[in-house]
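Here's the structure we're looking at; comments come further down.
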Amino acid sequence: MRDLDPAPETAGMLLEWYDRNARDLPWRVPPHRSRAGFRADPYHVWLSEVMLQQTTVAAVGPYFHKFTTLWPSVSHLAAAEDADVMAAWAGLGYYARARNLLKCARQVAGELDGCFPDTEAGLATLPGIGPYTAAAIAAIAFDRPAVVVDGNVERVMARLFDIRTPLPAAKPEIKAAAAALTPAERPGDHAQAVMDLGATICTPRNPACGICPLMAGCLARRNGSAADLPAKTPKAAKPVRRGVAYLARRADGAILLERRPDKGLLGGMLGLPGPDWGETVPAHRPPVDAEWRISPLVVRHTFTHFHLELEVRVTELPEGAQARSGRFHPGAELRAGDLPTVFRKALKAGLAGLDD
DNA sequence: GAGCCGTGGAT
DNA sequence: TATCCAAGGCT
């Protein structure tokens with residue numbers, strides 16, 4: 001591994017930049033208060049960090065507000081109903097995070113007296129808290145000099161040290177670089193400073209090197225490689241999967257929904273019934289024996305690793321109708337916002353087909 | 001290590 | 001339209 005000594009003034013310049021340019025985020029203690037010794041509520045740090053996993057600040061904002069309003073502490077969250085938490089998370093994606101969030105909350109409330117562990121190792125034992133999140137909470141909430149490495153840090157380090165090894169093979173080298181830069185003082189602000197820098201200046205495309213506080217010491221800028229870093233091994237193309245979703249509406253307006261199994265795609269979430277999605281639509285029976293019509297609107301949706309084309313079939317049923325599985329949700333309690341996005345789209349397409 | 005797991009915005 | 005990508009974790 002290459003020698004990765006940053007210029008001695010680099011970390012200090014980064015913190016000075018952060019003191020002047022830190023973004024105002026709902027879960028953040030601003031630098032002037034951090035310097036005065038104030039720390040963020042560990043519950044807020046944990047909740048925001050889990051929500052921010054592979055998710056933009058803009059998307060997280062309303063969800064963070066909703067969760068902290070509904071459940072002001074980890075103990076409140078631990079006491080919540082599973083279905084309420086999954087419904088509140090609907091639309092944010094990566095639903096295993098919501099299931100692990102509840103597991104973690106119940107573990108903290110039930111076994112740890114409502115207090116999060118204050119060390120990186122302790123945090124890392126909890127569900128949904130991996131290497132990044134453990135380090136981030138330890139640094140931000142508990143002032144531990146943990147080495148925080150997320151996608152922003154990877155990009156900033158790859159450029160600062162002109163690391164051309166492609167990810168993920170470059171991870172050890174990048175971790176060493178981040179460790180060499182992490183200060184003993186204000187490690188939480190330092191971590192947030194690197195991430196803010198990556199989000200606003202050292203961006204994936206068109207990095208604003210001209211206004212970067214670290215421009216003097218940046219090897220990629222000197223070598224002209226900044227725009228090409230970090231290198232990544234190419235990803236596989238997304239295949240197309242096909243499926244059918246059934247929208248059954250009773251005369252009283254209730255709609256048939258199923259809760260999906262806890263594991264796998266959209267695990268634990270409500271959805272429209274239908275066969276599993278695959279290269280072709282498998283032979284199957286509809287959830288109710290009825291006359292089904294095909295909505296003219298095909299739903300297209302892209303997941304992490306495949307494109308989906310979903311046909312929506314619709315029917316109207318008498319008031320007392322029964323289904324083989326799932327539950328009819330009265331129109332009054334049915335909120336499209338409680339569904340994952342693909343089923344919000346399917347519901348909309350199906351209702352248009354029913355009402356045309 | 002590599003596949004699985006969402007979504008919406010930017011380019 | 002197609003691709004990339006965002007404060008990753010789990011298996």
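It should be emphasised that the depicted structure is a prediction, and the values quoted were computed from it without experimental measurement. Residue numbers start from 1 in every chain, and the chains themselves are labelled A, B, ... in the order their sequence lines are given, proteins ahead of strands.
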- Message: Would the base of dG8(B) count as contacting T55(A) through its side chain, where contact means a donor and an acceptor less than 3.5 Å apart?
- Response: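 Between dG8(B) and T55(A), which were checked side chain against base, a qualifying N/O pair under 3.5 Å is absent.
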- Message: Between dA7(C) and R23(A), counting only base atoms on the nucleotide and side-chain atoms on the residue, is there a donor-acceptor pair under 3.5 Å?
- Response: yes
- Item | Residue met sooner reading DNA chain C from 5', once R205(A) and I129(A) are mapped to nucleotides | R205(A)
Let me know the distance between [atom1] of [X] and [atom2] of [N], rounded to the nearest Å.
X       : N      : atom1 : atom2 : answer
H44(A)  : dA7(C) : NE2   : C1'   : 17 Å
N100(A) : dG6(B) : CG    : P     : 12 Å
D196(A) : dA6(C) : CG    : C1'   : 14 Å
R344(A) : dT7(B) : CZ    : C1'   : 10 Å
R241(A) : dG6(B) : CZ    : P     : 11 Å
Q53(A)  : dT7(B) : CD    : P     : 16 Å
L167(A) : dA6(C) : CG    : C1'   : 14 Å
L92(A)  : dG8(C) : CG    : C1'   : 13 Å

For [X], answer base if it contacts any base atom (sugar-phosphate contacts may also be present), sugar-phosphate if it contacts only those atoms, and nothing otherwise; contact means non-hydrogen atoms under 4.0 Å.
X      : result
L25(A) : base
R28(A) : base
W89(A) : nothing

Salt bridge [X]-[Y], side-chain N to carboxylate O under 4.0 Å:
X       : Y       : answer
D289(A) : R324(A) : yes
R144(A) : D118(A) : yes
D162(A) : R221(A) : no
D19(A)  : R186(A) : yes
R250(A) : E319(A) : no
E311(A) : R300(A) : no
D228(A) : R159(A) : no
D196(A) : R28(A)  : yes

Which one, [options], comes nearest to the side chain of [X]?
X       : options                 : result
T341(A) : dG8(C), dG8(B), dA7(C)  : dG8(B)
V57(A)  : dA7(C), dG8(C), dC5(C)  : dA7(C)
Y94(A)  : dC10(C), dC5(B), dC5(C) : dC5(B)

- Which comes earlier along DNA chain B counting from the 5' end, the contact point of A169(A) or that of K345(A), where each point is its nearest nucleotide?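 Closest to the 5' end, via its nearest nucleotide, is A169(A).
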- Message: Let me spell it out: for each of N206(A) and P340(A), pick the nucleotide of DNA chain B with the closest heavy atom. Which residue's pick is nearer the 5' end?
- Response: P340(A)
- Query: Do any pairs count as a side chain to side chain donor-acceptor pair (under 3.5 Å) and have a residue in residues 197-218 of chain A, sequence neighbours left out, and if so which ones?
  - Reply: none
If I pick the [atom1] atom on [M] and the same atom on [N], what distance separates them, to the nearest angstrom?
N       : M      : atom1 : result
dG8(C)  : dG1(B) : C1'   : 16 Å
dT11(C) : dT7(B) : C1'   : 23 Å
dG8(B)  : dT1(C) : C1'   : 16 Å
dG9(B)  : dG9(C) : P     : 24 Å
dA7(C)  : dC4(B) : P     : 24 Å
dG3(B)  : dC4(C) : P     : 15 Å

Short side-chain N/O contact to [N] OP1/OP2 from [X], under 4.0 Å:
X      : N       : value
R99(A) : dC10(C) : no
T56(A) : dT7(B)  : no
Q54(A) : dA6(C)  : no

- For DNA chain B, which residues in residues 259-269 of chain A have a heavy atom at a distance below 4.0 Å? G264(A), L265(A), L266(A)
- Task: Could you tell me which residues satisfy side-chain contact (heavy atoms from CB on, under 4.5 Å) with A178(A), sequence neighbours excluded, listed by chain and number?
- Result: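 For A178(A), the residues satisfying side-chain contact (heavy atoms from CB on, under 4.5 Å) (neighbours in sequence not counted) are V147(A), V149(A), V153(A), M157(A).
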- Which residue, R106(A), K103(A), R99(A), forms the salt bridge (Lys or Arg N to Asp or Glu O under 4.0 Å) with D82(A)? R106(A)
- Item | Those residues of residues 297-311 of chain A lying under 4.0 Å from DNA chain C by at least one heavy atom | none
- Proximity to DNA chain C (any heavy atom under 4.0 Å), residues of residues 146-154 of chain A only: D150(A), G151(A), N152(A)
- Kindly give the heavy-atom pair with the smallest separation between A191(A) and V148(A), and that separation in Å.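 In this case the closest contact between A191(A) and V148(A) is CB-CG2, 3.7 Å.
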- Task: Give a yes/no verdict on a cation-pi contact between R260(A) and W277(A), requiring under 6.0 Å between NZ or CZ and the six-membered ring centre and an angle within 45° of the axis.
- Result: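 Yes, a cation-pi geometry.
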- Note on the structure: The salt bridge (charged side-chain N to carboxylate O under 4.0 Å, His left out) partners of R33(A) (sequence neighbours excluded) come to none
